[in-house]
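Basis for what follows: all heavy atoms, side chains included, without hydrogens, waters or symmetry-related copies. The first residue in the sequence is number 1, and the count goes up from there.
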Amino acid sequence: MNPRLRHWREAATLLLAAGTPGRPPRSPLGPFDYELLLLRRSSRSGFMPGAHVFPGGLAEPADFSTEWLGLLPASPHCGLGAVKPPPPGCSRAPLFATDRESLGSQLPGEVAFRICALRETFEEAGILLLVPGRGPAPPLPAERLPPAAELGEWRRRVREDASCFLRLCRHLGCAPNIWALHEWSNWLTPVGRAGPGGRRYDTAFYLCCLQQRPPHVSQDDQEVTAVLWSSPPEAIERFKSQEIWFPPPQFYEFCRLCNFSSLEELQQFSSARALEGCERWMPVMLSAADGSIQLLPGDELYPEDPDYTGEKKIIMSTDKKVEDLMKEGGVFHRIVMKDINNLAVYVNIQAKYKHINPLMIKCDNSDYNSRL
């Protein structure tokens, strides 16, 4: 947690993928042998009410507590591998590059944000991802979890006081399974999409693959009002039919996950690139005559000096239609938005950090299209 930040807060979220028995697919992409966890935010939420999102939330001071070092390995980065230096001309995302010791924490950001994602997943969905001892080790078996009533009480305590997550781990003689989480992406809320009071978030996205669904999954009926497991193409189909709604970053990530129909393949890919790091992306809004475009780094229209804080009051707009902008352009990394459930991702730049571009999927009346 960085108390010096003025324009946004730091957060973490978890793309939790779990194996599922094969069943008839709802999309032309064929069967997927895994699903991801989505949580529907309360209609009373101050930010993205009613949206389906991945579990996650704000980083708390307790996530950076030095006391975690008593539960984790003493090796550098608590047993996590060191992320490689970024490619020439690039830099490590500020979320991870910030010197946490200068902010009073001996816990590396890579560790603290994983703890945040795991804590929030427990608070919001009741899923407790731990390992016996100090880890890394095989996951804590379900039979070693406390009874449901006791677990529910701990969940309530953690929701009210984030430091209780550390106490829970001590009580069980376990460590949070930070080693199962792979750094996936980093999104910064666009200036034009801030919530009430100018809420914006610099969010670390982690991916975790489980062989099967966790035994305990339930909404908290406060922040979260429903739980949904869905494969990437099925989530997009539900989005397209207006059965659910999720923000553009989730749409982008589901399109990216559509490259992997196998959980084993996804696990291998995420593990192989786990130490490559990622780039922070802040979408920049371009208003067109009949819609808008969220421009991402690498797009030919992305500004050289983005207005990260919003203090410059820069407004990008054009009288042209989206279709004309697409015909005139040649280098794309963008999300085209006609309305809230009508999105399309267009990417033809080379992916960085050994990552993979999303499939080009339109959420209107079109079918799935091939990659650009």
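No side-chain donor-acceptor contact under 3.5 Å links R40 to the backbone of A51. Not one N or O on the side chain of T98 forms a donor-acceptor pair closer than 3.5 Å with the backbone of L95.
Of the N and O atoms on the side chains of R41 and T225, not one donor lies less than 3.5 Å from an acceptor on the other residue. For the residue pair S261/E265, the side-chain donor-acceptor check at 3.5 Å is not satisfied. With no hydrogens or angles considered, a side-chain donor-acceptor pair links H171 and E150 at under 3.5 Å.
Scanning both residues, L118 and P176, for their nearest heavy atoms gives CD1-CB, 3.7 Å. Scanning all heavy atoms of the two residues, the minimum distance from H182 to S270 falls at CD2-OG, 3.3 Å. Scanning all heavy atoms of the two residues, the minimum distance from A235 to S230 falls at N-OG, 3.0 Å. When all heavy atoms are compared, the tightest approach of P139 to N177 is CG-ND2, 4.4 Å. Nearest approach of L343 to P248, heavy atoms of both residues: CD1-CA, 4.3 Å. Taking every heavy atom of both residues into account, Y308 and L188 meet most closely at CD2-CD2, 3.7 Å.
With respect to E279 and K352, a salt bridge is recorded, a charged nitrogen being found less than 4.0 Å from a carboxylate O. The pair E237-K240 meets the salt-bridge criterion, with a side-chain N (NZ, NE, NH1 or NH2) lying under 4.0 Å from an Asp/Glu carboxylate O. A salt bridge links R6 with E311: the closest approach of a Lys/Arg side-chain nitrogen to an acidic carboxylate oxygen falls below 4.0 angstrom. Ion pairing of D202 with R280 is present here, as a side-chain N (NZ or NE/NH1/NH2) and a carboxylate O approach within less than 4.0 Å. Residues R114 and E110 are not paired through a salt bridge, judged by the lack of any N-O separation under 4.0 Å between the basic side chain and the carboxylate. Between R100 and E10 there is a salt bridge, with a side-chain nitrogen of the basic residue lying less than 4.0 Å from a carboxylate oxygen of the acidic one. Using a 4.0 Å cut-off between charged side-chain N and carboxylate O, R273 and E183 make no salt bridge.
Taking the salt bridge (Lys or Arg N to Asp or Glu O under 4.0 Å) definition, one finds that K313 meets it with nothing, sequence neighbours left out. W281 pairs by the ring pair (Phe, Tyr, Trp, His ring centres under 6.0 Å) definition with W187, Y252, H333, not counting sequence neighbours. With sequence neighbours excluded, no residue satisfies ring pair (Phe, Tyr, Trp, His ring centres under 6.0 Å) with W179.
Note that CG of L286 and OG of S292 are 8.0 Å apart. Values are rounded to the nearest 0.5 Å. Between the CD atom of E120 and the CG atom of L39 there is a distance of 10.5 Å, given to the nearest 0.5 Å. Atom CG of L14 sits about 12.5 Å away from atom CZ of R119, to the nearest 0.5 Å. The distance from atom CG of N342 to atom CD of Q242, rounded to the nearest 0.5 Å, is 9.5 Å.
A single hydrophobic cluster is seen to contain both F165 and L151, as judged by linkage of ILVMFWY side chains at heavy-atom distances under 4.5 Å, directly or through other members. If you chain together hydrophobic residues whose side chains sit under 4.5 Å apart, I315 and L295 never meet in one group. Cluster membership for L5 and L103, using ILVMFWY side-chain heavy atoms within less than 4.5 angstrom, is not shared. Transitive grouping of hydrophobic side chains (ILVMFWY, heavy atoms separated by less than 4.5 Å) keeps F269 and V83 in distinct clusters. One hydrophobic cluster, built from ILVMFWY side chains closer than 4.5 Å, cannot hold both Y353 and Y206; they sit in different ones.
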Determine whether E253 and R256 satisfy the following criterion, salt bridge (Lys or Arg N to Asp or Glu O under 4.0 Å), listing intermediate values before the conclusion. CA-CA 5 Å; E253 296 300 358; R256 179 184 262 167; 3.1 Å; yes
What verdict does the side chain to side chain donor-acceptor pair (under 3.5 Å) test give for S271 and Q267, after you've listed the backbone C-alpha separation in whole Å, the side-chain angles of each residue and the deciding distance to 0.1 Å? CA-CA 6 Å; S271 298; Q267 170 71 22; 3.1 Å; yes
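Other residues, nucleotides and ligands contribute over 12 non-hydrogen atoms within 6.0 Å of the NZ atom of K312. Around CD of E304, the count of heavy atoms belonging to other residues, nucleotides or ligands within 6.0 Å does not exceed 12. Atom CG of D290 has more than 12 neighbouring heavy atoms from other residues, nucleotides or ligands inside a 6.0 Å radius. Q212 CD: 12 or fewer foreign heavy atoms inside a 6.0 Å radius. Within a 6.0 Å radius of CZ in R9, other residues, nucleotides and ligands contribute 12 heavy atoms or fewer. Sparse packing is recorded around CD of E323, with 12 or fewer heavy atoms of other residues, nucleotides or ligands lying under 6.0 Å away.
For the pair R199 and W8, the minimum side-chain heavy-atom distance is 4.5 Å or more.
Of the candidates L181, I127, L37, L15, L181 is the only one forming a side chain to side chain contact (heavy atoms under 4.5 Å, CB included) with C208.
No close placement of the Y34 and W229 rings is indicated, their centers lying 6.0 Å or farther apart. Checked against a 6.0 Å centroid threshold, the rings of F246 and F54 do not count as neighbours.
Note that R334 lies outside the cation-pi zone of Y302, set by a 6.0 Å cut-off to the ring centre and a 45° limit from the axis.
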